[in-house]
Amino acid sequence: DFGPPISWQLYGGIGLTTGLTTDFKGVPPFSYTLYNYEAQILSSRQTPPPGQTTGNASGFDASGGLVVGPDDTVYVGSGNSVRAYPYALAPKWTYNTSSNVQGLSRGDDGTIYAWDFGGTLYAINPDGTQKWKTDPLGNLEIRRVALTANGLVVTAGGNTVRTFSAANGAPGWSDDVGESVYSVVVDKSGHIWSNSSSSVRKHAPTGGVLAAVAAPSSPGGMAMAPDGTIYVRTISNGRIQVSAVAPSATLKWSKSLSNTNNERAEADSLSEPAVGPDGTVYICGTPTDPMYTGSLFAVSPTAPTAASEVPKWIYTHKEICGAAPAVGNNGQVYIITDKSLRAIKADSGTLVWSVPAGNNNTKSSPAFLTNQSVVAGTSSGLISAHAGGQLATGTWAREGGDANGSGRMR
C-alpha cells in the first residue's frame, strides 16, 4: 500500500511534498520512500561561480551609504531619502530626508541612523517609520557617525564632536576642537577618537579631550586595529600617506603610498582605510591628474624602514574609487569603483574577478549578504555578485568597521 506523502514547507511559506512512500506489511512494518523530491532539490542546488551577478536594483542613486540587516534587507542612502531593499531586489520602503544622505549606521536593535548634508541626524525603525530626528545644524554637514556601547550616537561635523541619545535623540556632551572634524570611532574601552586637518584626538567616554597628536594633514576617515592602533588617511605635499596612531595618542609612523607613477592625490580622492584579519591596512586611491593611475594599496602594520617605504603590494585599477574596501573572510578584498565591482587577493594584490557596474560613482563601502554575495551601491542602483565568503569579523573590515557600520571596535 502506498502511504501518504510527506509534506514540508520551505522558508517563505512555499509548501512541497518530499516524495511517495510505500508501506510494507510485515513484522515489524516499515516504510520506504520511492522518490524523494527534497533530496533531489538539495542535491541539484548549485553555488554560483565567483563574480556571477546575483542581484541588482536600478533607477536610483545608492551612493549615500549602505548597511545590511540580518535578514539581508539592504538599507541605502539615496539622495534625499533612505531606502530598504530586501535581498537588493525590490523596494520595501522609502524614508524622506531634508537633504542628501551622507551615510548610514545600524544599531544592534535594528534602528537605522542616517545623517544628511544639512546636519540632521535621523533614527529610523526597521519598518521605515521615524523613531526621532534632530534639529538641523545648518551648513554644518555631519561627516561621520559612531555608535557607543552605552547608547550614544557620536557625530563629527563642523568643529565639534557631538553626542545624542540613541533612545530619543536628546543632545549629550560636545567637544569643540577648534578645527574641522572629519571622523569619529570608538575603541573597546569606550574612548572616542576624532581626526581633523592636523590632529588625531582621544576623547573621554563622558566628553573632554584627553590627548591629541599632531599628524600630517588627515581630512579623512579612520580605521582601528584590534590592538587599538588608529589608522588615518593622510596627505603630505600632495602624496598619499597612511599614518598609525598608538592607543596612547602618540604617532607610531606615517608611510608614503607612492606607486611607480609617483601617484599623488587630494584628500577627497582617498577612501577610508580598512583593516584585514592579519593587520594589513587597505586604502583605495583615485587619480586627480590624468597622468596618474588609481590604485588599491595594501600596507603592513609594522613601522616602515628606510628600505621599505613602499606598500606590501599595489593593485592598479585605473578607475575612481572613493569607497572604503571591504575585507572578506576568504582571503579577498572587495572594492567598488565608478565602473566595476572587483575582488582582489589579499595576499598578492592580483585580480580574482571583476563585474561591470556601469559608469557610476559611489562612496558606499561594499557589504555582504548571508548567501555569501557582496553588495555595493552606485549612483544608478545596487549590484551584488557571489563572493564565496562573508565579511571578516574581529577587525575593521569595511567603512564603519563592522557589518553595521557602527564605527565601534567590539
Side-chain angles (χ1 to χ4, degrees), residues 63-67 77 101-105 113-115 117 141-147 153-158 161 177 179-187 192-203 213 215-225 228-235 240-245 254-255 257 265-276 280-286 296-299 320-327 333-336 361-367 376-377 391 395-409:
S63 59
L66 183 153
V67 293
V101 176
Q102 302 296 293
L104 299 180
S105 288
Y113 299 94
W115 53 99
F117 189 78
E141 169 194 0
I142 296 177
R143 297 185 178 95
R144 297 290 189 278
V145 160
L147 310 177
V153 184
V154 189
T155 67
V161 175
V177 301
E179 57 182 348
S180 293
V181 182
Y182 294 96
S183 186
V184 284
V185 297
V186 183
D187 65 22
I192 295 158
W193 293 78
S194 67
N195 71 310
S196 56
S197 57
S198 63
S199 301
V200 175
R201 294 176 175 85
K202 183 178 183 179
H203 304 253
V213 55
S217 180
S218 55
M222 295 186 291
M224 185 180 297
T229 299
I230 301 289
Y231 296 101
V232 59
R233 68 181 197 186
T234 58
I235 302 290
I240 304 171
Q241 285 191 331
V242 170
S243 294
V245 176
S254 290
K255 178 176 287 189
L257 303 185
E266 299 298 331
D268 290 341
S269 66
L270 291 175
S271 76
E272 294 188 10
V275 181
T280 300
V281 182
Y282 302 95
I283 187 166
C284 215
T286 295
L296 172 67
F297 302 91
V299 184
I320 297 174
C321 182
V327 185
V333 182
Y334 301 87
I335 61 171
I336 179 70
N361 193 12
T362 181
K363 292 188 177 180
S364 300
S365 179
L391 187 72
T395 187
W396 205 272
R398 68 180 297 265
E399 178 185 357
D402 56 13
N404 290 355
S406 68
R408 181 171 84 246
M409 178 57 71

Among V154, V186, V177, find the residue that satisfies the side chain to side chain contact (heavy atoms under 4.5 Å, CB included) test when tested with H203. V177
Close side-chain approach of V232 and N195, heavy atoms under 4.5 Å: yes
Out of curiosity, W115 CH2 to T155 OG1, how far, rounded to the nearest 0.5 Å? 10.0 Å
Sequence-distant partners of R201, side-chain hydrogen bond (donor to acceptor under 3.5 Å, both in side chains), two or more places apart: E179, S196
Full working for salt bridge (charged side-chain N to carboxylate O under 4.0 Å, His left out) between R144 and E272: CA-CA 11 Å; R144 297 290 189 278; E272 294 188 10; 2.2 Å; yes
So OH of Y182 and OG of S197: to nearest 0.5 Å the spacing works out to 5.5 Å
Has the side chain of T395 got a donor or acceptor atom that lies under 3.5 Å from a matching backbone atom of V275? yes
Within the 4.5 Å heavy-atom criterion, are V161 and V184 side-chain neighbours or not? yes
Expected output: side-chain R143 to main-chain V181 donor-acceptor under 3.5 Å: yes
Do the non-hydrogen side-chain atoms of L296 and P325 ever get within less than 4.5 Å of each other? yes
I'd like to know if the side chain of S271 and the backbone of C284 have a donor-acceptor N/O pair within less than 3.5 Å. yes
Over all atoms of both residues, closest heavy-atom pair of G221 and P273: O-CD, 3.5 Å
Who pairs with A244 by side chain to side chain contact (heavy atoms under 4.5 Å, CB included), at least two apart in sequence or on another chain? T229, Y231, K252, W253
Criterion side-chain contact (heavy atoms from CB on, under 4.5 Å) on N404 and V67, from CA distance to verdict: CA-CA 6 Å; N404 290 355; V67 293; 5.6 Å; no
Return the minimal non-hydrogen interatomic distance between S105 and V145, and the atom names on each side. OG-O, 4.1 Å
Heavy-atom closest contact (I336 atom, G377 atom, distance): CG1-O, 4.2 Å
Enter the distance from F117:CZ to E141:CD here, rounded to the nearest 0.5 Å. 5.0 Å
If I compare all heavy atoms of L66 with all of R398, which pair ends up nearest, and what's the gap? O-NH2, 2.9 Å
How long is the span from the CZ atom in F297 to the NZ atom in K255, to the nearest 0.5 Å? 12.5 Å
Straight-line distance of W396 CH2 to R408 CZ, nearest 0.5 Å: 9.5 Å
In Å and rounded to the nearest 0.5 Å, what is the CG to OH distance from L391 to Y334? 10.0 Å
Is any side-chain heavy atom of V299 closer than 4.5 Å to one of Y282? no
Check: S406 main-chain N/O paired with D402 side-chain donor or acceptor under 3.5 Å: yes
Ignoring hydrogens, what is the shortest heavy-atom contact between L104 and G65? Give both atom names and the distance. CD1-O, 3.8 Å
Nearest heavy-atom pair of I230 and M224: which atoms, and what distance? CD1-CE, 3.3 Å
